[in-house]
Amino acid sequence: YCCRITVGKTVTSPLSLFKVVYCRRKVHCYTPKPCYRKKQFPKSRGCDMANKENELACAANLPAKLHNSSTHLLNSSDSGSSQTEDSSSKNSAFFSEISREHETMTQVLFSRNLRLNVALTFWRRRSTSELVAYLVRIQDLGVVVDCLPVLTNSLQKEEPYISVGCCVDLLPVVKSLLESKYEEYVIVGLNWLQAVIKRWWSELSEHTEEAEDRNIHILKQQLSGLWEQVNHLTLVPGYTGNIAKVIQFQLCLIM
């Protein structure tokens with residue numbers, strides 16, 4: 001079905017229930033507005049020329065600057081690497097030296113531990129004479145300093161298994177302790193010496209030409225030979241000097 005429709009009228013069609021309305025639209029015409037241009041002033045050529053010359057000068061100097069900066073970076077990296085190598089070599093030498101000292105100390109402590117175990121075996125068997133003979137034979141002042149306080153304690157308790165002969169054999173080693181530069185060694189030797197004098201004071205203080213026990217006479221001579229050394233120790237301040245003064249007084253009574 002086709003029919004012509006007049007503008008502005010509505011037509012009802014039997015095939016459609018909707019109204020079709022056609023309205024006229026208002027048409028707007030576009031008219032271009034006048035365009036105004038700003039007045040252009042002539043640019044100064046002096047600044048442009050100066051900027052252009054600066055750009056050219058910078059462009060000319062750019063490769064040289066880049067070369068100098070790269071050279072500086074290379075030199076700084078080389079100096080840093082050389083300093084790192086020097087420090088690493090010094091550290092490696094230092095640690096290697098410490099390692100050698102550790103190995104030496106480990107060997108010393110290992111050997112001392114073995115010797116102390118041997119001395120402990122003699123002491124557990126109450127073989128004081130064998131223990132003293134072992135200490136005299138090894139000539140290790142560190143082991144002597146570790147073992148001597150036990151013998152000093154036994155002398156103070158007047159235990160019977162420590163004889164005068166053992167003290168006579170051990171006295172030269174104790175004399176080496178008194179000559180040591182370590183004060184701890186000197187104190188251990190003085191404590192043992194004082195315990196020996198106290199243990200056999202009655203026999204040592206007898207002014208007889210010949211003692212009944214020959215070892216007492218030998219011990220007395222050995223103690224008389226220590227007088228000058230003990231006298232020198234009296235000048236040491238503290239506990240060492242005080243105990244040296246007591247022993248010096250006792251030696252004067254014995255002599």
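Quick caveat: nothing in here was measured; it's all calculated off a predicted structure. These values consider heavy atoms only, across backbone and side chains, with no hydrogens, waters or symmetry-generated copies. In this chain, residues are counted from 1 in sequence order.
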ask   = Can you name the closest pair of heavy atoms from Cys166 and Ser129 and give their distance?
value = SG-CA, 3.9 Å
Nearest-0.5 Å distance that lies between atom CH2 in Trp192 and atom SG in Cys147 = 13.5 Å
message = Applying the side chain to side chain contact (heavy atoms under 4.5 Å, CB included) criterion to Leu170, which one of Thr128, Val132, Leu131 satisfies it?
response = Val132
task = For Gln250 and Gln194, work out which heavy atoms get closest and say how close.
result = OE1-CG, 4.5 Å
message = Tell me if the CD atom of Gln156 is crowded by more than 12 foreign heavy atoms within 6.0 Å.
response = yes
Spatial distance of atom OG (Ser176) from atom CG (Leu171) [nearest 0.5 Å] = 10.0 Å
task = Mind listing the closest non-hydrogen atom pair of Cys167 and Ile162 along with its distance?
result = SG-CG2, 4.3 Å
message = Tell me if the CZ atom of Arg124 is crowded by more than 12 foreign heavy atoms within 6.0 Å.
response = no
ask   = For Trp227, does its backbone N or O pair with a side-chain atom of Asn231 as donor and acceptor, under 3.5 Å?
value = no
Smallest separation among heavy atoms of Thr240 and Glu183, with atom names = OG1-OE2, 2.8 Å
message = Can you give me the closest heavy-atom contact between Tyr185 and Ser180, atom names plus distance?
response = CD2-OG, 3.5 Å
request  = Working to the nearest 0.5 Å, report the span between NZ of Lys220 and CG of Leu223.
outcome  = 10.0 Å
task = Answer yes if Tyr239 and Leu148 sit in the same cluster of Ile, Leu, Val, Met, Phe, Trp and Tyr residues linked by side chain heavy atoms under 4.5 Å apart, and no otherwise.
result = yes
note = Interatomic distance, CG@Leu251 vs CD@Glu228, rounded to 0.5 Å, equals 11.5 Å
inquiry  = I'd like to know if the side chain of Asn191 and the backbone of Ile187 have a donor-acceptor N/O pair within less than 3.5 Å.
reply    = yes
request  = Would you give the length of the straight line joining atom CZ of Arg115 to atom CG of Leu135, rounded to the nearest 0.5 angstrom?
outcome  = 11.0 Å
query = For the hydrophobic clusters of this structure (ILVMFWY residues joined by side-chain heavy atoms under 4.5 Å, transitively), does one cluster hold both Trp201 and Ile247?
reply = yes
query = When hydrophobic residues are tied together by side-chain contacts of less than 4.5 Å, even through go-betweens, does Phe122 share a cluster with Leu114?
reply = no
query = Got Val174 and Val144 here, is their nearest side-chain heavy-atom distance under 4.5 Å?
reply = no
inquiry  = Membership question, hydrophobic clusters at under 4.5 Å side-chain separation (ILVMFWY): are Val108 and Ile138 in the same one?
reply    = no
Contact check, side chains of Glu206 and Ile216, non-hydrogen atoms, under 4.5 Å = no
query = Trp123 ring centre to Arg126 NZ or CZ under 6.0 Å, with the angle to the axis within 45°?
reply = yes
message = Less than 3.5 Å apart, any donor N or O on the side chain of His217 or Gln221 sitting next to an acceptor on the other?
response = yes
key: Side-chain heavy-atom pair Leu141, Val173 within 4.5 angstrom cut-off   = yes
ask   = Is there a donor-acceptor contact under 3.5 Å from the side chain of Glu158 to the main chain of Leu155?
value = no
query = How far apart are the closest heavy atoms of Ile254 and Leu204, and which atoms are they?
reply = CG2-O, 3.8 Å
task = Find the distance between CG (Leu233) and CD (Glu179) and round it off to the nearest 0.5 Å.
result = 9.5 Å
ask   = Is the shortest heavy-atom distance from the side chain of Leu219 to the side chain of Val196 under 4.5 Å?
value = yes
inquiry  = Hydrophobic clustering (ILVMFWY, side-chain heavy atoms < 4.5 Å, transitive) - are Val246 and Val186 grouped together?
reply    = no
